[in-house]
Structures are given as structure tokens and as C-alpha cells.
Amino acid sequence: MVKSSSVHSFLKVSNKISACLAITFNTLLIFLILKKSPKEFGSYKTLLICTSVFQMIYSLLFAYFVPIHYSFGTTELTMVLVIDKPLSHFLARFSISILWAVFGATQSIYAVHFIYRYLSVSKNTLIESFDSWKIIFWLSIPAITGAAWSIMGMLLCGPNQEITELVTDTILESFGEPIGHFEYLGGP
């Protein structure tokens, strides 16, 4: 059986490699969108660039924090090892909530992409809202969704005594580190 601490060590390396690849390919994609895409793409370029930027931010956060998504029974946690980072437990918890925010924002920007594509294919007049100042409305959807994910994480899913006691032994057994070396968000 592979120890979770070995997997975490592997993730440290693989997340950094993945982040380098994500930055490289998304930078290339942004260059191609700006310089080589047809003028007919219009505001769709903005949506594509926003998606690439979100993906780069997400990959950088993953490379630095190396979050562990841990399941135990009905409990799901996103944990970050804090003893190897110059962060207080509160800042680590806030950082996890930012990870949740970027994840939520990225998922909702995909929804905006599909709405754009639907409006474009169906020749709906609402497609014009993407080519005016109203695009701010469309781009605010991922921002609001991300903020909701972050606030939900900080207010509703922070560490509590019940969950800490529930996972203390399994975290020590799995990672060889006490639960006090981690910060987490999640819940039953």
C-alpha cells in the first residue's frame, strides 16, 4: 500500500510541473487569441482569455499550496500542510478558500462560454450583450460565484472540534503528520 505521505511528495513535484505547463500553454493560447484569431471572434476572445487567466492562477495556487483532498467516511476535506509554509493557520485557511473561489469561478466561466455559444448558434439577440458594456454582467458571474465559494468556505466549512477529532488518527496514520500541521476546509 502506498503511503499518503509518498503521494503528497509526488504531488509537490507533479503540481509544479503541471503549473509550468499550464503557464506555458495558456500564455501561448492568449498570444494566439490576441494575434492570430479572426476578428469575427469579437468578445469571445475576452471569454477565452479570462478562462486562460483563471487556469493559470489556479495552477499556481495548486503548485504552491499542494492541497490534499481527503475523504474519510462522509467527511470531505481540502487540507494544506502549513508547517512547510510561512503562513499562519488563518492565512492558510483563507488561501484554501481562495482555491475554492478560483475553482468555482472557473466552473461558472465555462457556463458563460456555453451560454455565449448557444446564443451565437441560435442567433439570439442577447448575443449583442457580449459586444457592449453589458459584457461586464457576464464576467461578473464568475467573480460573484468565486466570492460565494470563498465566503462559504470561510464561514461554513472551517475547522471545528468535531471534524478535527474525527480525522486526527487517520491523518496521523496516513500522512505521518498530526492534524495540527494542516489547515483545512470541509465538512461532513
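Throughout, residue positions are numbered sequentially from 1 according to the sequence presented.
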> Can you hop from Val66 to Leu60 via hydrophobic side chains spaced under 4.5 Å?
Replying inline: no
> What residues, two or more places apart in sequence or in another chain, satisfy side chain to side chain contact (heavy atoms under 4.5 Å, CB included) together with Thr78?
Replying inline: Pro67, His69, Ile96, Trp100
>> Is there a path of hydrophobic side-chain contacts, each under 4.5 Å between heavy atoms of I/L/V/M/F/W/Y residues, joining Met56 to Leu34?
In response: yes
> Roughly how far, to the nearest 0.5 Å, is the CG atom of Leu185 from the CE atom of Met152?
Replying inline: 9.0 Å
>> Once rounded to the nearest 0.5 Å, what's the spacing between atom CD of Glu128 and atom CG of Leu119?
In response: 10.5 Å
> Just how far is it from atom CD of Glu40 to atom OG of Ser37, taken to the nearest 0.5 Å?
Replying inline: 9.5 Å
>> Show, in sequence, the C-alpha distance, side-chain angles and deciding distance for Leu32 and Leu28, and conclude whether the side-chain contact (heavy atoms from CB on, under 4.5 Å) test is met.
In response: CA-CA 6 Å; Leu32 292 173; Leu28 176 62; 4.2 Å; yes
> Between Tyr70 and Tyr184, does the ring centre distance come in under 6.0 Å?
Replying inline: no
> How long is the gap from CD1 on Ile163 to CD1 on Ile179, to the nearest 0.5 Å?
Replying inline: 10.0 Å
> Within a reach of under 6.0 Å around NZ of Lys85, are more than 12 heavy atoms found that belong to other residues, nucleotides or ligands?
Replying inline: yes
> Closest heavy-atom contact between Phe65 and Leu99?
Replying inline: CB-CD1, 4.4 Å
> Can you check whether Met79 reaches Ile171 side chain to side chain, under 4.5 Å on heavy atoms?
Replying inline: yes
> At their closest point, which heavy atom of Gly158 faces which heavy atom of Arg93, and how far apart are they?
Replying inline: CA-CD, 4.4 Å
> Side-chain contact, heavy-atom cut-off 4.5 Å: Leu81 with Phe175?
Replying inline: no
>> Donor-acceptor check, side chain of Ser108 to backbone of Ala105, threshold 3.5 angstrom: yes or no?
In response: yes
> Minimum heavy-atom separation for Ser43 to Ile135, with atom names?
Replying inline: CB-CD1, 3.8 Å
> Are Leu126 and Ile141 connected, step by step, through hydrophobic side chains (Ile, Leu, Val, Met, Phe, Trp, Tyr) whose heavy atoms are closer than 4.5 Å?
Replying inline: yes
> So, for Leu139 and Pro142, which heavy atoms are closest and what is the spacing to 0.1 Å?
Replying inline: O-CD, 3.2 Å
> Is the number of heavy atoms from other residues, nucleotides or ligands within 6.0 Å of OH (Tyr118) greater than 12?
Replying inline: no
> Would you call Tyr44 and Phe130 a side-chain contact if the rule is heavy atoms closer than 4.5 Å?
Replying inline: no
> So, for Phe182 and Pro178, which heavy atoms are closest and what is the spacing to 0.1 Å?
Replying inline: CD1-O, 3.5 Å
> Of all heavy-atom pairs between Ser97 and Ser150, which one has the smallest distance, and what is that distance?
Replying inline: OG-OG, 3.1 Å
> Just wondering, more than 12 heavy atoms not from Gln107 lying within 6.0 Å of its CD?
Replying inline: yes
> If you round to the nearest 0.5 Å, how far is OG of Ser52 from CG of Leu48?
Replying inline: 7.0 Å
>> Please list all pairs meeting ring pair (Phe, Tyr, Trp, His ring centres under 6.0 Å) that have one or both residues in residues 15-37, counting only residues at least two apart or in different chains.
In response: none
> Is there side-chain contact between Lys12 and Asp84, with at least one heavy-atom pair below 4.5 Å?
Replying inline: yes
>> Using only atom types and a distance under 3.5 Å, with no angle test, would you say the side chain of Thr164 pairs donor to acceptor with the backbone of Gln161?
In response: no
> Do Ile144 and Leu47 share a hydrophobic cluster (ILVMFWY, side-chain heavy atoms under 4.5 Å, transitive)?
Replying inline: no
>> If I take atom CD1 from residue Ile49 and atom CG from residue Asn26, how far apart are they, to the nearest 0.5 angstrom?
In response: 11.0 Å
> Does a side-chain heavy-atom distance below 4.5 Å link Val82 with His89?
Replying inline: yes
> Going hydrophobic residue to hydrophobic residue with side-chain gaps under 4.5 angstrom, can you get from Leu21 over to Val13?
Replying inline: yes
>> Check for me whether the distance between the ring centres of Phe62 and Tyr58 falls short of 6.0 Å.
In response: yes
> Counting only N and O atoms by type, is there a donor-acceptor contact under 3.5 Å from the side chain of Thr24 to the main-chain atoms of Cys20?
Replying inline: yes
> Can you tell if the side chain of Phe94 reaches within under 4.5 Å of the side chain of Glu183, non-hydrogen atoms only?
Replying inline: no
> Is there a donor-acceptor contact under 3.5 Å from the side chain of Ser120 to the main chain of Tyr116?
Replying inline: no
